[in-house]
Number of protein chains: 2
Amino acid sequence: MSSEDIKNKLTEKGLKVTPQRMAILEAIYNLKNHPTAENIIDYIKKMHPNIATGTVYKVLGALVDNRLVKKVKTENDIMRYDGVMKSHHHLYCMESDVIKDYVDEELDELLQNYFEKKNLPGFKIEDIVLQVKGTFNK
Amino acid sequence: MSSEDIKNKLTEKGLKVTPQRMAILEAIYNLKNHPTAENIIDYIKKMHPNIATGTVYKVLGALVDNRLVKKVKTENDIMRYDGVMKSHHHLYCMESDVIKDYVDEELDELLQNYFEKKNLPGFKIEDIVLQVKGTFNK
DNA sequence: TTCCTAAAAGAGAATAATTCTCATTTAGAT
DNA sequence: ATCTAAATGAGAATTATTCTCTTTTAGGAA
């Protein structure tokens, strides 16, 4: 991803091309694995020591609004608390045909919560089973 | 869930039975749908106007530590940002045998993120497909 | 039942991530 | 080159949560 490419992405969306926006997009493309705002700020300050943190948040918001970047909620809102839950999933080994049950109540909570907020239009969910495909370490 | 039942749950775990803990557990059992700490605080203050918010957080922590309550991370840590993603899932209608593709990049991010943190021991994940079972509205 | 003590609660300051406010600067259209 | 709406900077404000420290209390022991 060259500077030209990044600049074009901004221009295509009708966003003014500023050094701050260039730096932030570049940081996101270079920092793999879903960087936090803090990761991005730290990264950018190496080259732009004077950028305001408020600016980073504002730019990130603009990038998300314009679908140049996705906001990932590794937990969306605020902590919540609950008492119960159940269900199980499957780990499929692609090398050996082994299928292993996988119980993870935290994941179930996460999914239930996600779909409660998502509210799939026209579909009433009864159960969710994950097919997790991969390989068991030998 | 009676007061006695709630009291027993605390006692079984070796936790002192306090009015605050009783009230918080009762709030969690009555407030469906994963209440937030704020929901719980609001609910409890109807009956216990003087409870300290710090106490609520402390009690919730103790309840989670003692597995009386689960902490659900509708988003775990801090906002993160990314650029790409893909994959698709299936909606299975239990009444009609219809199977519909379901694309949801936000969900994929969520799952990828979840398992990156979870790190299933002995298993290397290649792909995750959700089987979402339910019914299409007629 | 009363006493004792570790544990719990209260009050509010502290912290951390994020948002807001408003004065100043700047990208880019004219 | 000029102009102006948009963007940035600086730091205060906000929000959820944690921490600190003093006071109170649950519940076991005398």
Side-chain angles (χ1 to χ4, degrees), chain A residues 3-4 6-28 34-45 47-66 68-69 71-81, chain B residues 3-4 6-28 34-45 47-66 68-69 71-81:
Chain A
S3 290
E4 249 341 277
I6 292 174
K7 184 174 174 181
N8 288 339
K9 281 180 177 287
L10 290 169
T11 305
E12 280 165 19
K13 297 294 183 176
L15 294 169
K16 285 188 183 175
V17 178
T18 67
Q20 292 83 353
R21 286 174 172 174
M22 294 288 288
I24 290 165
L25 263 183
E26 196 237 328
I28 292 170
H34 323 298
T36 63
E38 194 188 2
N39 294 153
I40 293 166
I41 291 166
D42 289 347
Y43 181 91
I44 290 171
K45 287 205 169 170
M47 300 306 292
H48 294 249
N50 297 323
I51 196 167
T53 63
T55 297
V56 176
Y57 282 103
K58 214 175 323 156
V59 168
L60 287 170
L63 296 176
V64 170
D65 289 346
N66 285 277
L68 286 176
V69 155
K71 187 183 268 187
V72 177
K73 310 180 168 190
T74 56
E75 162 173 88
N76 182 307
D77 290 298
I78 303 160
M79 292 297 174
R80 287 161 170 247
Y81 300 86
Chain B
S3 290
E4 249 341 279
I6 292 174
K7 184 174 174 179
N8 288 339
K9 281 179 177 287
L10 290 169
T11 304
E12 281 164 20
K13 298 294 183 176
L15 294 170
K16 285 187 183 176
V17 178
T18 68
Q20 292 84 355
R21 284 175 174 175
M22 293 287 287
I24 290 165
L25 263 183
E26 196 237 330
I28 292 170
H34 323 299
T36 62
E38 194 187 2
N39 295 152
I40 292 166
I41 290 166
D42 289 346
Y43 181 92
I44 290 171
K45 288 205 168 171
M47 301 305 295
H48 294 249
N50 297 322
I51 196 168
T53 62
T55 297
V56 175
Y57 283 104
K58 215 178 320 158
V59 168
L60 287 171
L63 296 176
V64 170
D65 290 346
N66 285 278
L68 286 177
V69 154
K71 188 181 268 186
V72 178
K73 311 181 170 188
T74 56
E75 162 170 274
N76 182 307
D77 288 299
I78 301 159
M79 292 298 174
R80 287 160 171 246
Y81 300 86

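By convention in this document, chain letters (A, B, ...) are assigned in the order of the sequence lines, proteins followed by strands, and residues within each chain are numbered from 1. Being a predicted model, the structure only gives us computed values, none of them experimental. Only heavy atoms go into these numbers, but all of them, side chains included; no hydrogens, no water, no symmetry mates.
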Rounding to a whole Å, what distance do you find between B:N39:CG and D:dT15:P? 16 Å
Is there a side-chain contact between A:N50 and A:Q20 in this structure, where contact means two heavy atoms from C-beta onward sitting under 4.5 Å apart? no
For residues B:L68 and B:L10, determine if any side-chain heavy atom of one lies less than 4.5 Å from a side-chain heavy atom of the other. yes
Taking C-beta and beyond as the side chain, do B:V59 and B:T18 meet within less than 4.5 Å on heavy atoms? no
Here the gap from A:H48 atom NE2 to A:T55 atom OG1, rounded to the nearest 0.5 Å, amounts to 12.0 Å
Without decimals, in angstroms, what is the distance between B:I41 CD1 and C:dA9 P? 14 Å
So, does A:Y57 get its side chain near the phosphate of C:dT18, meaning an N or O under 4.0 Å from OP1 or OP2? yes
With heavy atoms under 4.0 Å as the rule, sort B:T55 into base, sugar-phosphate or nothing. base
Between the base of C:dA8 and the side chain of B:K58, is there a donor and acceptor pair under 3.5 angstrom? no
To the nearest angstrom, the CG-P distance between B:L15 and C:dA6 comes to 18 Å
Need to verify one output field. Residue with the more 5' nearest nucleotide on DNA chain C, B:N50 or A:K7? B:N50
When the distance from CG of B:D42 to P of D:dT15 is rounded to whole Å, what number comes out? 14 Å
A:I24 has an atom CD1; how far is it from atom P of C:dT18, in whole Å? 14 Å
Tell me whether the OP1 or OP2 atom of D:dG9 has a side-chain N or O from A:Q20 closer than 4.0 Å. yes
Atom NZ of A:K13 to atom P of C:dA27: distance rounded to whole Å? 22 Å
So do the side chains of A:V17 and A:R21 get within less than 4.5 Å of each other, counting heavy atoms only? no
Want to settle it: does A:G14 or A:G54 sit nearer the 5' end of DNA chain D, counting the closest nucleotide to each? A:G14
Taking OP1 and OP2 of D:dA7, is either one under 4.0 Å from a side-chain nitrogen or oxygen of A:T18? no
Length of the line joining A:R21:CZ and C:dT26:P, which is rounded to integer Å: 15 Å
Quick check: on DNA chain C, is the nucleotide nearest B:I51 upstream (toward 5') of the one nearest B:K16, or the reverse? Name the residue that is more 5'. B:K16
Length of the line joining A:K45:NZ and D:dA10:C1', which is rounded to integer Å: 11 Å
Tell me which of B:P19 and B:T53 sits closer to the 5' end of DNA chain D, going by the nucleotide each one is nearest to. B:T53
